[in-house]
Amino acid sequence: MVRMIMHGCNGAMGQVITGLVSQMEDIAIVAGIDMADNKQNEYPVFTSLEDCDVAADVIVDFASVKAVDHLLDYCAAKKLPVVVCTTGLSEEQTAKVAETAKEVAVLRSANMSLGVNLLLKLVAEAAKTLAAAGFDMEIVEKHHNQKVDAPSGTALALADSLNEAMGGEYHYQYDRSTKKEKRDRKEIGIQSVRGGSIVGEHDVIFAGQDEVVTFSHTAYSKAIFAKGAIEAARFLAGKPAGLYNMSDVIG
């Protein structure tokens, strides 16, 4: 039985994970951390990490970017593996994640979906064949109208996967409205759409002469990210210090 602490348990994702874990037999949430005390949970909830006195194997974080630094310090001191699901980390915080991983197991991914992380591998393999044959690479991502960042972290991760597959020779083009010239052969275009309640859609387009190959992923609910976080928690419990990602989880 994997014992898990849910950091940000009363947030939207924390509650989705709580509901899913309650139906599982091999993993359990033994405690939650959240400053808001506005939900009824079957496990004890503490307003701070320091107040939590419940033993656990791993902590899953879906809280606030403002709380990440303290969480990493706490997990390093307690040698408690942590799955960092919170997005929008600064460069300094990303560096801190890597430093913390020298002391304890840390898993961080731009997207917790198992499908998206498989997609990252698939498009990298496709790029080695198609981009090398002269196909142009474009990414179109769509999200709800409340999302504040653009492009999405997942779109950037997809672009990085493509670029790394091609030896890092490509650059990213986010806006062509002021660029009055034909497309550079070694660019990856990234376009963002915001509207309605779209959970998340990502298309990776390989456009060649007289043919187009498109890889697509559509998220219909936040549950896919919760399921991925749970799988990550199962994977990380008991692992030695190091920096892991979802590609390690899907093997």
Side-chain angles (χ1 to χ4, degrees), residues 1-64 67-68 70-72 74-87 97 100-101 103-120 154 199-200 219-251:
M1 172 72 74
V2 175
R3 301 167 299 171
M4 186 178 97
I5 292 175
M6 186 67 234
H7 189 245
C9 64
N10 288 337
M13 286 304 303
Q15 287 295 291
V16 174
I17 291 173
T18 295
L20 290 174
V21 171
S22 68
Q23 303 172 37
M24 299 176 179
E25 297 181 354
D26 62 337
I27 186 168
I29 299 178
V30 294
I33 311 294
D34 206 301
M35 293 183 67
D37 187 18
N38 57 353
K39 298 288 190 303
Q40 293 294 322
N41 298 294
E42 296 181 355
Y43 48 81
V45 177
F46 303 89
T47 56
S48 72
L49 288 163
E50 286 72 22
D51 290 340
C52 181
D53 57 359
V54 181
D57 304 304
V58 62
I59 185 165
V60 172
D61 166 56
F62 256 118
S64 164
V68 167
H70 179 56
L71 171 66
L72 292 172
Y74 176 87
C75 291
K78 297 290 186 180
K79 296 296 184 286
L80 181 62
V82 56
V83 179
V84 179
C85 304
T86 299
T87 59
V97 167
T100 304
E103 304 294 330
V104 67
V106 180
L107 188 148
R108 177 174 179 256
S109 179
N111 189 305
M112 299 307 296
S113 160
L114 296 175
V116 164
N117 282 278
L118 179 58
L119 181 64
L120 289 168
T154 300
V199 176
Y220 291 104
S221 79
K222 293 181 178 180
I224 66 167
F225 310 120
K227 291 174 183 176
I230 294 167
E231 290 301 319
R234 285 196 183 103
F235 167 84
L236 202 64
K239 287 290 188 296
L243 184 58
Y244 302 87
N245 57 43
M246 288 300 289
S247 64
D248 298 309
V249 177
I250 64 177

- What's the verdict on side chain to side chain contact (heavy atoms under 4.5 Å, CB included) for Val16 and Phe62, showing C-alpha distance, side-chain angles and the deciding distance? CA-CA 11 Å; Val16 174; Phe62 256 118; over 6 Å; no
- Message: Taking atom CD as the centre, does Glu50 end up with more than 12 heavy-atom neighbours from other residues, nucleotides or ligands that are less than 6.0 angstrom away?
- Response: yes
- Query: Hey, what do you get for SG (Cys85) to CE (Met246), rounding to the nearest 0.5 Å?
  - Reply: 8.5 Å
- Query: Is the side chain of Asp57 donor-acceptor paired with the backbone N or O of Val2 at a distance under 3.5 Å, no angle test?
  - Reply: no
- Checking side-chain contact (heavy atoms from CB on, under 4.5 Å) against Met112, which of Ile230, Val60, Val83 comes through? Val83
- Side chains of Asn245 and Arg108: does their closest heavy-atom pair fall under 4.5 Å? no
- Note on the structure: Closest non-hydrogen atoms of Val249 and Ala232, given as atom of the first, atom of the second and distance, are CG2-CA, 4.0 Å
- Evaluate the side-chain proximity of Phe225 to Val199: yes if any heavy-atom separation is below 4.5 Å, no if none is. yes
- Could you tell me whether a side-chain N or O of Asp34 sits under 3.5 Å from a main-chain N or O of Thr47, the two making a donor and an acceptor? no
- Item | Test item: Leu71 and Leu49 side chains (from C-beta on) under 4.5 Å apart, heavy atoms | yes
- Message: With a 4.5 Å cut-off on side-chain heavy atoms, are Arg234 and Ile27 touching?
- Response: yes
- Message: I need the Leu120 CG to Thr154 OG1 distance, nearest 0.5 Å.
- Response: 8.0 Å
- Which is it for Leu72 and Val84 under the side chain to side chain contact (heavy atoms under 4.5 Å, CB included) test, yes or no, and what are the steps along the way? CA-CA 9 Å; Leu72 292 172; Val84 179; 4.2 Å; yes
- Note on the structure: Here the gap from Leu114 atom CG to Glu231 atom CD, rounded to the nearest 0.5 Å, amounts to 6.0 Å
- Message: Under the criterion side chain to side chain contact (heavy atoms under 4.5 Å, CB included), I'd like the reasoning laid out for Ile224 against Lys227: C-alpha separation, chi angles, the key distance, then a yes or no.
- Response: CA-CA 5 Å; Ile224 66 167; Lys227 291 174 183 176; 5.6 Å; no
- CG of Asp61 to SG of Cys9: how many Å apart, nearest 0.5 Å? 11.5 Å
- Pair Val82-Leu236, side chain to side chain contact (heavy atoms under 4.5 Å, CB included): steps then yes or no: CA-CA 8 Å; Val82 56; Leu236 202 64; 5.5 Å; no
- Under a 4.5 Å cut-off applied to non-hydrogen side-chain atoms, are Ser48 and Ile33 in contact? no
- If you take all heavy atoms of Asn117 and Ser109, which pair is closest and at what distance? OD1-OG, 3.5 Å
- In terms of heavy-atom contacts, Arg3 and Ala55 come closest through NH1-CB, 3.7 Å
- Task: For Ala229 and Ile17, work out which heavy atoms get closest and say how close.
- Result: CB-CD1, 4.1 Å
- Query: About how many Å separate OG of Ser247 and CG of Leu118, when rounded to the nearest 0.5 Å?
  - Reply: 11.0 Å
- Message: Taking Ala63's backbone N and O only, do any of them form a donor-acceptor pair with Thr86's side chain (distance below 3.5 Å, no angle check)?
- Response: yes
- Task: Mark yes when over 12 heavy atoms from residues, nucleotides or ligands other than Lys39 sit less than 6.0 Å from its NZ; otherwise mark no.
- Result: yes
- Item | Pi-cation contact, Phe235 with Lys239 (under 6.0 Å, within 45°) | yes
- Would you say Lys222 has more than 12 foreign heavy atoms packed within less than 6.0 Å of its NZ? no
- Task: Please name the pair of heavy atoms, one in Ala56 and one in Leu80, separated by the smallest distance, quoted to 0.1 Å.
- Result: O-CD1, 3.6 Å
- Query: Mind checking whether Val21 and Met4 have side chains closer than 4.5 Å, heavy atoms only?
  - Reply: yes
- Query: Within a strict 4.5 Å, meaning less than it, do heavy atoms of the Val104 and Pro81 side chains meet?
  - Reply: yes
- Message: Would you say that Tyr43 contacts Val45 through its side chain, given a criterion of any heavy-atom pair below 4.5 Å between the two side chains?
- Response: yes
- Query: So how far is it from Lys78 NZ to Ile5 CD1, rounded to the nearest 0.5 Å?
  - Reply: 10.0 Å
- Around atom CE of Met1, are there more than 12 heavy atoms of other residues, nucleotides or ligands at under 6.0 Å? yes
